[in-house]
Amino acid sequence: MSKLILIDGNSIASRAFFALPLLSNSSGLHTNAVYGFTTMLLRLIDEQKPTHFLVAFDAGKATFRHKDYAEYKGGRAKMPSELGEQFPLLKDLLRAFGISQFELEGYEADDIIGTITRVADERGDMEVVVVTGDKDMLQLASEKVKIALTRKGISEVELFDPPYIKAKYDLTPQQIIDLKGLMGDASDNIPGIPGVGEKTALKLLHEFETVEGVLSHTAELKGKMREKIEQHADDARMSKELATIFREVPMETSWDELVYNGYQGPALADMFRKLEFKSLLEKMDFAGVDAAGADQPPQADIKAVLVDQEKLPELIEALAAVDALHVEVVGDNPHAGYILGIALHSTDVCYYVPFDLVKDGAAEIEPFKAWLESADKAVAVFDQHRAEVALHWQGICLRGTSFDPMLAAYLLDPTESELALSGIAKKYALPALQPDEDVFGKGAKFRVPAAELVSEHLCRKAHAVHSLVEPMKRDLESNEMHRLYYDLELPLAAVLASMEQKGIKVDREALKEYGSELAGRLESIMKSIYEAAGTEFNINSPKQLGEILFEKLQLPVVKKTKTGYSTDAEVLEKLEPYHPMVGHILLYRTLAKLQSTYVEGLLKEVRPDTGKVHTYYRQTIAATGRLSSQYPNLQNIPIRLEEGRKIRKVFTPSKPGWSMLTADYSQIELRVLAHISQDEKLMEAFVNDMDIHTKTAMDVFGVEESAVDSNMRRSAKAVNFGIVYGISDYGLSQNLNITRKEAASFIEQYFAVFKGVRQYMDEIVKEARQNGYVTTLLHRRRYLPEINASNFNLRSFAERTAMNTPIQGTAADIIKLAMVQMDERLKQEGLQSRMLLQVHDELVFEVPNDEVEIMTTIVPDVMEHALELGVPLKVDVDTGANWYEAK
DNA sequence: ATGATCACG
DNA sequence: ACGTACGTGATCATA
């Protein structure tokens with residue numbers, strides 16, 4: 001018969017934590033609870049040989065028990081942060097073990113376990129062992145369900161079944177609840193009846209069987225005990241209720257999801273290395289796994305069909321059952337790459353369709369194309385955005401996509417740089433996938449192997465996509481990221497693809513003209529620099545420039561890099577008074593940057609046929625949830641200095657009679673801060689739509705508005721920036737060029753006024769220590785493993801990140817939400833206007849002139865109300881003939 | 001490939 | 001005492 005192990009995750013983790021000394025790895029992360037848990041898992045797997053496995057966790061601050069009894073678990077000391085920080089690691093560990101895990105907002109692990117054991121009792125087709133440190137769970141024991149209680153920390157367990165409970169306590173499992181009703185439980189703050197301990201309670205139950213029985217026979221008792229029991233009858237009833245495990249948690253229970261197939265050595269070995277479990281690594285002797293974990297574990301046994309003209313009908317037949325696909329796009333930029341082929345996972349066969357077959361344009365391929373374009377399907381696609389873009393250039397509009405494992409992996413851990421399918425599959429302990437690099441080579445060594453090999457590899461990928469859907473869905477669910485994923489990120493992927501496909505028109509002639517102007521000016525500056533230096537050298541080389549400045553001309557060394565002298569702008573500005581050449585170098589740098597990056601670089605990206613650039617937004621790069629932009633990067637086009645800002649003149653509408661429209665959020669990050677900190681002063685400033693930097697200056701310096709001079713406002717602005725970045729006196733002093741002491745006193749004054757902000761900063765850091773991560777308003781999450789590091793630098797960095805990420809990340813959530821809504825709204829209103837760019841707090845559109853008026857209303861309306869905060873959001877709109885004019 | 005520099009929010 | 005502001009990408013020089 002099948003055997004299921006159910007672990008009470010919180011109970012075992014906490015037993016392990018208190019039983020073992022406080023170990024920590026080299027980055028200061030504590031690991032003792034995870035270590036104890038690991039040894040227990042290894043022992044259980046070895047001894048019990050489970051076919052099914054689940055670890056349940058408590059979730060949410062308040063369970064339904066708190067509604068009935070506010071003091072529930074009230075007396076319990078808060079979980080120490082050294083334990084709290086280990087839960088994310090523990091969850092990763094379980095993934096590496098291939099063990100399923102579950103938690104549900106508002107319920108405790110016991111309730112989940114109670115519900116599953118009830119189902120096991122009803123079906124009678126599963127033997128269950130419940131592992132916990134909590135005696136209450138004995139109430140779940142039955143013919144099919146045994147309870148393993150930890151003893152002496154976690155090194156031993158005592159196995160309870162109903163006969164054993166009978167022998168030991170002379171009670172039935174149900175009576176365990178009554179026992180607790182009478183005696184209470186100090187650790188959960190359940191009162192019971194004062195003066196009744198285990199001895200008395202057992203005696204009473206042997207006579208009267210239940211709490212109700214005891215209460216209705218108090219007449220037969222005498223003296224003090226009778227008095228106490230009658231007096232606390234209600235307490236006893238309530239205590240019994242609290243001690244009763246809820247066995248009707250609303251959850252789907254299917255044994256299939258709990259199947260345990262054993263662990264994959266490499267995934268586990270990787271995890272142990274990360275945790276620095278050296279003794280376990282040696283003891284386990286992961287056969288064939290070398291230090292880098294490079295050895296290949298078994299690959300999946302799949303059936304791969306290489307589709308050719310002949311086999312096309314078979315493929316078409318199978319399409320109805322396809323639930324996952326992978327489009328192999330070659331090259332970093334999907335707008336400039338080509339498609340090798342498409343692999344599909346159907347019921348128990350995978351198909352590989354070389355893209356040549358699709359491009360041939362034979363009539364037989366049409367049903368396949370039609371299927372790709374049909375919205376009437378639900379298929380998982382790895383990196384949907386990339387696939388969509390590449391297919392679009394081939395005239396195919398991919399629709400009916402329902403899940404993207406890459407996007408899911410990013411939400412589950414946005415700092416994970418390894419988002420290749422092979423890495424994700426490994427993390428989820430799926431059968432091994434060869435890394436693409438091993439199959440195709442990389443960079444200059446890229447080559448396409450024989451079709452059969454490609455087919456085999458890509459079919460495995462499609463199979464992995466299919467296998468990832470369910471476990472990743474569960475993980476998203478347990479992180480409360482369901483809405484973030486389905487309502488925001490997944491639809492956004494399609495919105496981004498459509499923005500990129502439209503592209504933005506570049507006036508090549510104007511750009512070239514600006515280029516020749518720059519070339520002329522650079523030429524003459526170069527000459528004067530060489531003259532002043534008395535020799536020709538490569539000004540672009542920091543090394544050669546350093547030699548000229550600090551050795552030949554003997555200028556003072558301000559700052560060093562790890563390779564030599566620093567010559568960055570900050571240094572050069574300090575050196576300007578010493579030598580006229582320094583000013584020339586600064587100007588040279590500015591113009592050379594414009595020339596190489598923004599004139600020549602941009603021209604290389606313009607499509608010769610359409611005169612447009614198509615940037616590629618990356619949705620899975622930034623740790624905070626922001627987008628990034630490549631090929632070309634259109635999120636860093638100059639604006640701060642007039643010289644560079646002129647570049648914006650070359651970005652124009654794609655049609656005559658159209659205009660550019662820009663809409664940017666005003667102070668979105670500080671508004672977000674006002675909302676999440678609920679700081680009274682900061683909220684007031686935004687409710688009254690004041691100039692936030694002037695207002696900050698007034699409050700910090702304690703003066704009237706009329707007394708705020710430009711210098712005071714500048715300082716206040718720098719403080720506001722610092723607050724958003726996670727302030728430090730050193731950072732502020734650098735920025736304002738003041739001493740650390742002065743900076744510290746600015747900060748002190750700021751916090752004296754904005755008390756709510758200080759409280760937020762303190763609490764978010766505490767929260768990060770407790771949970772090991774911070775979240776945004778829409779539950780985007782960022783783990784901060786170094787928050788407890790003993791290294792001051794690592795820890796401080798993590799603390800500033802804890803302060804900044806919820807702010808920057810929530811702002812990112814908001815504009816992403818606005819983009820999804822904007823896309824819908826444009827369709828709804830039947831407008832021709834097109835959304836083209838996103839620059840973190842700004843959206844850029846091209847609009848027909850007769851839509852300028854309505855767009856000037858609609859755009860801010862959507863953006864300002866994308867998400868309602870405790871303070872209003874404000875959007876400034878402008879239009880013009882090009883991006884420069886729309887400012 | 002990596003570091004230094006500089007463009008943006 | 002420690003030594004940094006948060007998040008990106010492109011270009012160039014140099015190992």
Side-chain angles (χ1 to χ4, degrees), chain A residues 332-333 414-415 442-444 537-546 559-572 585-586 588-602 604-605 615-618 621-641 643-645 647-648 664-669 673 718-736 740 743 747 782 789-809 811-812 815 837-842:
Chain A
D332 291 330
N333 181 357
T415 55
K442 59 179 166 179
F537 64 102
N538 188 344
I539 310 174
N540 290 324
S541 160
K543 190 169 167 237
Q544 294 181 34
L545 179 61
K559 198 166 64 172
K560 289 197 133 192
T561 68
K562 55 180 153 183
T563 48
Y565 310 111
S566 169
T567 67
D568 66 18
E570 198 192 319
V571 170
L572 295 183
I585 291 168
L586 278 165
Y588 174 88
R589 282 250 177 97
T590 308
L591 301 183
K593 175 87 177 177
L594 289 173
Q595 179 77 306
S596 66
T597 305
Y598 297 104
V599 176
E600 290 164 356
L602 193 57
K604 279 187 210 140
E605 295 290 344
T615 190
Y616 175 47
Y617 286 108
R618 305 215 45 193
I621 297 295
T624 53
R626 277 188 172 185
L627 299 175
S628 84
S629 154
Q630 290 178 314
Y631 319 123
N633 181 355
L634 294 181
Q635 290 183 320
N636 69 347
I637 302 300
I639 189 167
R640 292 175 189 165
L641 301 172
E643 194 64 66
R645 190 174 195 156
I647 294 283
R648 295 185 170 223
D664 61 288
Y665 282 109
S666 158
Q667 301 296 350
I668 189 168
E669 293 191 336
L673 174 61
V719 173
N720 278 331
F721 268 97
I723 291 292
V724 169
Y725 292 154
I727 197 138
S728 73
D729 48 13
Y730 187 85
L732 183 65
S733 73
Q734 289 292 297
N735 193 282
L736 281 178
R740 236 170 83 173
I747 295 168
R782 178 173 183 179
S790 47
N791 179 314
F792 174 89
N793 275 331
L794 290 179
R795 190 175 65 247
S796 303
F797 186 53
E799 286 169 359
R800 289 195 299 274
T801 311
M803 299 185 230
N804 169 269
T805 295
I807 302 173
Q808 191 181 120
I815 192 163
L837 300 177
Q838 188 252 42
V839 194
H840 309 307
D841 65 352
E842 172 189 16

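Throughout, a chain's letter reflects where its sequence line sits, starting with A, and its residues are numbered from 1. Excluded from the calculations below are hydrogen atoms, water molecules and symmetry mates; all remaining heavy atoms, backbone and side chain alike, are included.
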Give a yes/no on whether any side-chain N or O of A/Ser728 is located under 4.0 angstrom from OP1 or OP2 of C/dG3. no
Would you indicate, yes or no, if B/dG9 has its OP1 or OP2 atom less than 4.0 angstrom from a side-chain nitrogen or oxygen of A/Arg640? yes
So, is A/Arg782 near the phosphate of C/dG7, with a side-chain N or O under 4.0 Å from OP1 or OP2? yes
How would you list, by chain and number, every residue that makes a side chain to side chain contact (heavy atoms under 4.5 Å, CB included) with A/Ser796, sequence neighbours excluded? A/Phe792, A/Arg800
Does a side-chain N or O from A/Thr567 land closer than 4.0 Å to OP1 or OP2 of B/dT5, or not? yes
For DNA chain C, list all stems, counting runs of three or more consecutive pairs where every pair is Watson-Crick or G-U wobble with both distances under 3.5 Å. B:1-9 with C:6-14
B/S/- along nucleotides 10-15 of chain C (protein heavy atoms under 4.0 Å) is BSSSSS
Less than 4.0 angstrom between a side-chain N/O of A/Arg800 and OP1 or OP2 of C/dC6, yes or no? yes
Establish, with yes or no, whether the OP1 or OP2 oxygen of C/dG9 is under 4.0 angstrom from a side-chain nitrogen or oxygen of A/Ser628. yes
Using a 5.5 Å cut-off between ring centres and planes within 30 degrees, is A/Phe797 stacked on the base of C/dT4? no
Check: A/Gln808 side chain, C/dC6 base, donor-acceptor under 3.5 Å: yes
N or O in side chain of A/Arg626 less than 4.0 angstrom from B/dG9 OP1/OP2: no
